[in-house]
Amino acid sequence: MDRTTGFGLALVLLIAYVFVNPIGEGPSPTPTPTSTWALSFQPQDGYCWTGAWNEGGRDYTTIKNELAYWKASTGKGVYLLGFWELMTYPITTDIDTAKRLIDEGLLGGIVLALQGGGGESGSEAINKIASGGYDSKLTTIAQKLKDFGYPSFIRFFAEFNGQWSSAGDSPTVFKNAFIRARNIFRDVGARTEFWFSPVPYPLYPDRPAPISDNWPWQDYYPGDDYVDWITPSFHDYTLYAWSHSQTAEQTFDQLANPFLSFASQHGKAMAFPETSFYDDYYSDDYGVPRSYQVAFTSKFFSYVDSNDRVKAYVVYDFSAAISKPEILSVYKQRVTSNRYIGR
């Protein structure tokens, strides 16, 4: 090999190394669009994607303004944006809107929460998916997300095991529906990852036992071949309602650790797909003290900081939370860490 050839080969190898191991604070915030299965839609160890649920209108301008407000308020924009996709309704334009925002550098990825609604219960929607009644809609969504190319996630019937949700009436039917939906996305070739999203606590304060005592969420797990992330909901008001006698730190560990252990045992990433530091309705209705919400927010970040397996979070009612100066102060201080990838 002559010197020129050797130099050229070394340069090619160096470029390849830098591409695979980007220099800086971690992975490139926006992966190159692709429809192949080669790209893992997860941040590298040591990093966590920030996120929030869409709160207002679904048009481009409204969402763009929403993202700008969050960034101006907290100093870091969100990476993931969540949308609700009711199975009975026509497919929304959320995927197209999100792609436009990503192309403009304002966002990194999308979470679609498949739900019942619009006159159809969660149980009815699950049964219809399991029996093939929604194959056409799921195929269309999968094709759109394949073409989308950026990080995309399906949150499959959130909080399915809650007492307020009928989506978990039958663990067997739920698992069959989950597997059928997952296989449709694979057949299409979409790289979308699926979130398994139970809830660990009761929604209402007059129900003293954790949901898991009555509806073990593990019974609904469809298997490692079909689940990519373990993603339990966590809210300030539900932790407070679950036990007034414990601190936010104690209750958080008690309820989060079983999910972290399960994710570790099954080799899965973990996320908090729906967390509220302050909910505009429930937090006040339940009488949650502001000091508890501040402690919850601080504990939330401490938990994520201590566990590399937690790779994303999506805040519910984000605007309401950051409208509270005490909560905003903690959030701004903690999210500035390079661990948290935003926009």
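Residues take their numbers from the sequence shown, with the count starting at 1.
The only member of W53, Y331, F277 that meets ring-ring contact (aromatic ring centres under 6.0 Å, His included) when paired with F318 is Y331. Of the candidates R58, K99, K144, R58 is the only one forming a side-chain hydrogen bond (donor to acceptor under 3.5 Å, both in side chains) with D94. Here the rule is side chain to side chain contact (heavy atoms under 4.5 Å, CB included) with F296, and of V288, T247, T275 only T275 fits it. Checking each of R182, K268, Q42 against D228 for a side-chain hydrogen bond (donor to acceptor under 3.5 Å, both in side chains) leaves exactly one that passes, namely R182. When each of Y313, F300, W49 is paired with F272, the ring-ring contact (aromatic ring centres under 6.0 Å, His included) condition holds for F300 and for no other. When each of F41, W229, F178, F153 is paired with F194, the ring-ring contact (aromatic ring centres under 6.0 Å, His included) condition holds for F178 and for no other.
The closest side-chain donor-acceptor pair between R334 and T297, if any, does not fall under 3.5 angstrom. Side chains of Q254 and Q246: a donor-acceptor N/O pair is present below 3.5 angstrom, by distance only. Looking at T92 and E85, their side chains do bring a donor and an acceptor atom within 3.5 Å of each other. At a cut-off of 3.5 Å, with distance as the only test, a side-chain donor of D103 or Y150 sits close to an acceptor on the other residue. No side-chain N or O of Y89 forms a donor-acceptor pair with one of Q115 less than 3.5 Å apart.
The aromatic ring centres of Y340 and Y47 sit 6.0 Å or more apart.
Between R309 and D45 no salt bridge is recorded (no basic side-chain N to carboxylate O distance below 4.0 Å). D219 and K175 are not joined by a salt bridge, as no carboxylate oxygen comes within less than 4.0 angstrom of a charged side-chain nitrogen. Comment: R100 does not engage D96 in a salt bridge, judged by the lack of any side-chain N to carboxylate O separation of less than 4.0 angstrom. Salt-bridge formation is not detected for the pair K299/E249: no Lys NZ or Arg NE/NH1/NH2 atom is positioned less than 4.0 Å from an Asp or Glu carboxylate oxygen.
You'll find the side chain of Y79 stays beyond 4.5 Å of the side chain of I102, heavy atoms only. The side-chain heavy atoms of M270 and F259, taken from C-beta on, include a pair separated by under 4.5 Å. In this structure, Y60 and E104 have side chains that are in contact, with non-hydrogen atoms separated by less than 4.5 Å. Residues I95 and I110 form a side-chain contact, since some pair of their non-hydrogen atoms from C-beta on lies under 4.5 Å apart. At least one side-chain heavy atom of R339 sits less than 4.5 Å from a side-chain heavy atom of D308. Residues N257 and Y303 are in side-chain contact: their nearest non-hydrogen atoms beyond the backbone lie under 4.5 Å apart. No side-chain heavy atom of L81 sits under 4.5 Å from any side-chain heavy atom of V111. Side-chain atoms of V227 and P222, non-hydrogen and from C-beta on, do get closer than 4.5 Å to each other.
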field: Criterion side-chain contact (heavy atoms from CB on, under 4.5 Å) on I327 and I322, from CA distance to verdict
entry: CA-CA 6 Å; I327 298 174; I322 61 179; 5.9 Å; no
message: One pair to check against ring pair (Phe, Tyr, Trp, His ring centres under 6.0 Å): F157 and F174. What are the steps and the verdict?
response: CA-CA 9 Å; F157 286 79; F174 179 87; 7.2 Å; no
task: Quick one: do D317 and Y278 satisfy side-chain contact (heavy atoms from CB on, under 4.5 Å)? Show the steps, please.
output: CA-CA 7 Å; D317 220 353; Y278 170 84; 5.7 Å; no
message: ring pair (Phe, Tyr, Trp, His ring centres under 6.0 Å), that's the test. Do Y221 and H266 meet it? Break it down for me.
response: CA-CA 11 Å; Y221 190 66; H266 291 263; 5.0 Å; yes
message: Pair Q293, S283 - check side-chain contact (heavy atoms from CB on, under 4.5 Å), show working.
response: CA-CA 9 Å; Q293 293 161 349; S283 295; 3.5 Å; yes
field: Audit row: D305, S302, side chain to side chain donor-acceptor pair (under 3.5 Å) steps and yes/no
entry: CA-CA 5 Å; D305 288 344; S302 295; 5.5 Å; no
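Residue Q333 qualifies as open at atom CD: its count of foreign heavy atoms under 6.0 Å is 12 or below. Under a cut-off of 6.0 angstrom, the local environment of CZ in F301 is crowded, with over 12 non-hydrogen atoms contributed by other residues, nucleotides or ligands.
Between F196 and F160, the angle of the ring planes lies from 30° to 60°, which puts this pair in the tilted group.
Atom NZ of K332 sits about 13.0 Å away from atom NZ of K76, to the nearest 0.5 Å. Separating the CG atom in L107 from the CG atom in L80 is a distance of 7.5 Å, to the nearest 0.5 Å. Atoms OH and CE, from Y134 and M87 in turn, are 6.0 Å apart once rounded to the nearest 0.5 Å. Note that CG of L255 and OG of S233 are 12.0 Å apart. Values are rounded to the nearest 0.5 Å. Here I154 contributes atom CD1 and L112 contributes atom CG; the two are 4.5 Å apart, rounded to the nearest 0.5 Å. Separating the OG1 atom in T231 from the CD atom in E193 is a distance of 11.5 Å, to the nearest 0.5 Å.
Linking Ile, Leu, Val, Met, Phe, Trp and Tyr residues whenever their side-chain heavy atoms come within less than 4.5 Å leaves V188 and L145 in two separate clusters.
Between the side chain of D279 and the main chain of D236, no donor-acceptor pair closer than 3.5 Å is present. E66 places a side-chain N or O within 3.5 Å of a backbone atom of E55 that can act as its donor or acceptor partner. S323 contributes a side-chain N or O that, together with a main-chain N or O of A320, makes up a donor-acceptor pair within less than 3.5 Å.
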